[in-house]
Amino acid sequence: MPDDRSEWYDPSAVETRWQARWEARGTNAYSTDELRSPERPFYNLMMFPYPSAEGLHVGNIYAFTGADVHGRFQQLQGHQVFEPIGFDAFGIHSENFALKVGTHPMELIPANVANFTRQLRRIGGMFDWAHTLDTTHPDYYRWTQWLFLQLYKGGLAERKEAPVNWCPSCMTVLANEQVVSGLCERCDSAVEQRRIAQWFFRITDYAQRLLDNLETLDWSETTKKAQRNWIGRSEGALLRFPVLGVEPTSDLLESVSESGEGKTREGHLLLEVFTTRPDTIFGATYMVLAPEHPLVDALTTSEQREAVQSYREKAARMDLVARKKEEKEKTGVFTGGYCRNPATGEEIPVWVADYVLMEYGTGAIMAVPGHDERDFQFARTFELPVPRVVAGPEHQADTPLDEAYTGPGRLVNSGDFDGMEVEVGKAKITAWLEEKDLAVARVNYRLHDWCISRQRYWGPPIPIVYCDRCGAVPVPEDQLPVVLPRVEDFKPDDSGVSPLARVREWYETECPECGSDARRETDVSDTFLDSAWYFLRYPSTDLDDVAFDPEITRSWLPVDCYIGGNEHAVLHLLYSRFITMALKDLGHLDFEEPFTRFRAHGLIIREGSKMSKSKGNVVVPDPIIEEYGADTFRLYLMFLGPFEEGGDYRDSGIQGPFGFLKRLWDTVVPVADLDGDDPDPDVERKLHQTIEQVTAQVPELGYNTSIAAMMEYLNVVRAEGRRARRGEVEPLIPLLAPFCPHIAEELWARLGHDESIFEGANWPDFDPVKTQEDRVTLAVQVNGKLRGTVELPTGAAEDDALALARAEPNVARHLDDGELRRVIYVPDRLLNLVVG
RNA sequence: GCCGGGGUGGCGGAACGGUAGACGCAGGGGACUUAAAAUCCCCCGGGCUUUGGCCCAUGUGGGUUCGAAUCCCACCCCCGGCACCA
């Protein structure tokens, strides 16, 4: 019961009181036993924040509130809702900030976490604080390391060399996102490429499954689309072109064939390319190798060696991002070498050009300038021939090409295949070359294996030990965690290896297998790995002997509803799906998709742009909550616009929701002690309509319109200064409770309820009969233009409506214009009279 | 360039193909007050008007329909993502 019977609405008193009560009663916290045997479990998840030094920003609060509203709604519908929150505190972001302010992250992070926790409690989310987590805590990353070991054992983790962006001034590896048009985003120095041995997860093995399963998921369509694009499936063929004049040494054979077969033909080395247009092979007039391609040296003739060499060096110096700028002019160098086009039998020159990327396909292409825009541009630049092999509906076989033609049509200048439609030609030509063992149909994906190595300090050490005798040896599970040591000088340096490589007493160890001297892996893992499995950990944080308990996991997962930002549409969500699938295949889970339903929230805009420190348009939430209370702030944020689209934040706008809560208080408090008398019939009808609308819209995240409906209802209750009856306002409280949990609790208690409103299935039912109007206003149109309205009983007959309409002077006047030709009657809505 | 999502009053936004602008902000007027705040009431897309009404209006131009913000076609603009992926 409320102990403070204040007559006026004092948000901070109400909110402090209820937050203390939830805490004392454990309203939102589950015991381990409760987690083991839920009856109607609902796992309500939101993306956990990175605990920055600035504290929670409005964008965080917006996302969390939207998710919390959904969770509280489910709770009021009788589900047991598990709504955890935690902290994603590892990573380059924290590390750079720590370097900047000169405080060690091991001190910075706990302070930030404490501040975030205070703010998160203040906004009134139904978080289970007994099951929170922090990815930087050894109790958590021990299991992140365990996860690495499971993938390693399952053959899904491997070490290989790969190019990375390197900033020579910051002396560190940069992610692609940190390179802005070839320059380091922080210091503007030119970024270069380095090759470093790193750990990869074989996510590409799962490409097709990741793509196929999307069909089964209830996710925002935009998110699914982003994943499809990222996976980038394309169907085509691997084609093999005999290389002329090159001795097929065993070294070369080692490096050329991706498909692992048919490396030579009649003494010729075969060059493999991937194409989606095998139908255009008769138009392949030259070949292009990526500068890094292993065959470049072998193909280059002595006359060309110097030019090729300098071109390759230039390409190597360029960063990976600037390489991919499309506006860039096409550049390249002739190697001096030739291949034979297996379709035409012609000898065609082999070039090196940076528009061909080593990481896609085989790093080599057959160039068909007539029917590929890039090849066309290149051919133009270097004055290479551009034959036509596809004719569109308006073309002849000899119609010249002044741009690449990529549309549909039939094959021309293609020997026996002339006249075939492009799609037919693809299959026929592939089959023809397959017979000669020069082709194999192939699906290629844009998706790359996931590089999880970071040459940085602030992350979980990868649990591997290198032994001269045994090679790379996984750290035994019972020796986890491999604790990240406290290192005062954690600044990255020019060596290209992690700062941990400077900590001899840490990396020197003994081989777990043979006991001889060995060295720990000094790279740490990607932050995305921390967040790729955190939802599995939440319900099991009470347990320290497993990553996640099988029984608890079966009860609560997969996640019923996940809400977060679409900026994670690809990486985080794709990695989480991959890890879940891998864990299922490895026997640790019995489901393979982690998030049954996912919705992306919109962005909050202020003064025309996204809130950011540099724009100076950020809103600091604490003073607003101080002044108006968390309930008002929550309500305002949810009222701004459709949750999935975001909204425009205006400082003065908060007055609307604040006034609404004050009026609600003033309406309910005076009637709280009265016995329930029957609602006024008109008000009751509106009440049932409101319940119907809110019940339908809240689960669909239609928050702004639900709030508008409640405002409208309160306006009806208070119309012309009338005093509410108890039965009119009591059902409104649970409708509002997901948005404004504190005031809802307070008013619920004042209405005489002893238990928390969230402790029972208190969502009200509506009676469809009671939502029905008995009289309606019918719009009357003449020739489609509104000329008046008439009021009549619901479901009135057309004749009655017509008679009434004719009696309307303004309608009658317009009917004089001619003869009534047609009557369109939509019962209870509209009558349209067509005259002419 | 490609893929999403959008263009509706001064502003945020509502509208199963059926009275465009719900709900709210801002603004204007009034009541209460010595005054202010708070609260309450009224007005609030534009133009014309004999105050009965009439016309225009949902990015632009066409179309379908008795009727289009909503469906179709073409185009313009804004936001977000991807971008030499063969």
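In what follows, chains are A, B, ... by sequence order, proteins preceding strands, each numbered from 1.
- Look at A/N715 and you won't find any side-chain N or O under 4.0 angstrom from OP1 or OP2 of B/A22.
- Across all strands, A/E221 comes closer than 4.0 Å to no nucleic acid atom at all (heavy-atom distances).
- Residue contacts shown for A/R787 are limited to sugar-phosphate atoms, with no base heavy atom under 4.0 Å away.
- Close to B/C3, at under 4.0 Å from its OP1 or OP2, lies no side-chain N or O of A/R228.
- In this model, the phosphate group of B/A86 is approached by a side-chain N or O of A/S234 to a distance below 4.0 Å at OP1 or OP2.
- Applying the 4.0 Å criterion to OP1 and OP2 of B/C79, one finds that A/K610 has every side-chain N and O outside that range.
- Ion pair A/R228/A/E221 flagged as a salt bridge, since at least one NZ, NE, NH1 or NH2 atom sits closer than 4.0 Å to an Asp/Glu carboxylate oxygen.
- Tested against A/Y703, the residues A/F639, A/F739, A/Y62 include a single ring-ring contact (aromatic ring centres under 6.0 Å, His included) partner, A/F739.
- Residue A/K225 places its side chain closer to B/C3 than to any other of B/C3, B/A14, B/C23.
- Residue A/N832 is classed as a base contact, given a heavy-atom separation below 4.0 Å to a base.
- Of all nucleotides listed (B/G13, B/C82, B/A22), B/G13 comes nearest to the side chain of A/N704.
- Between A/F200 and A/W450, a ring centre-to-centre spacing not shorter than 6.0 Å is recorded.
- Each salt bridge (Lys or Arg N to Asp or Glu O under 4.0 Å) pair with one or both residues in residues 655-670 of chain A, not counting sequence neighbours, would appear here, but there are none.
- Nucleotide B/G5 holds its P atom 17 Å from the CH2 atom of A/W219, rounded to whole Å.
- Nucleic acid contact class of A/I824 (heavy atoms, under 4.0 Å, all strands): base.
- Rounded to the nearest 0.5 Å, atoms CG (A/L833) and CD1 (A/I824) are 8.5 Å apart.
- Scanning for side-chain contact (heavy atoms from CB on, under 4.5 Å) contacts around A/D682 gives A/D680, A/R685, with sequence neighbours left out.
- Comparing the P positions of B/U49 and B/G1 gives an interatomic distance of 49 Å, to the nearest angstrom.
- A/N566 comes within 4.0 angstrom of nothing in the nucleic acid, heavy atoms only.
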Strand RNA chain B as a dot-bracket string - pairs counted if Watson-Crick or G-U with both distances under 3.5 Å, | where the partner lies in another strand: (((((((..(((.....[....))).(((((.......))))).((((....))))..(((((..]....))))))))))))....
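- No contact: A/H568 has no heavy atom under 4.0 Å from any strand.
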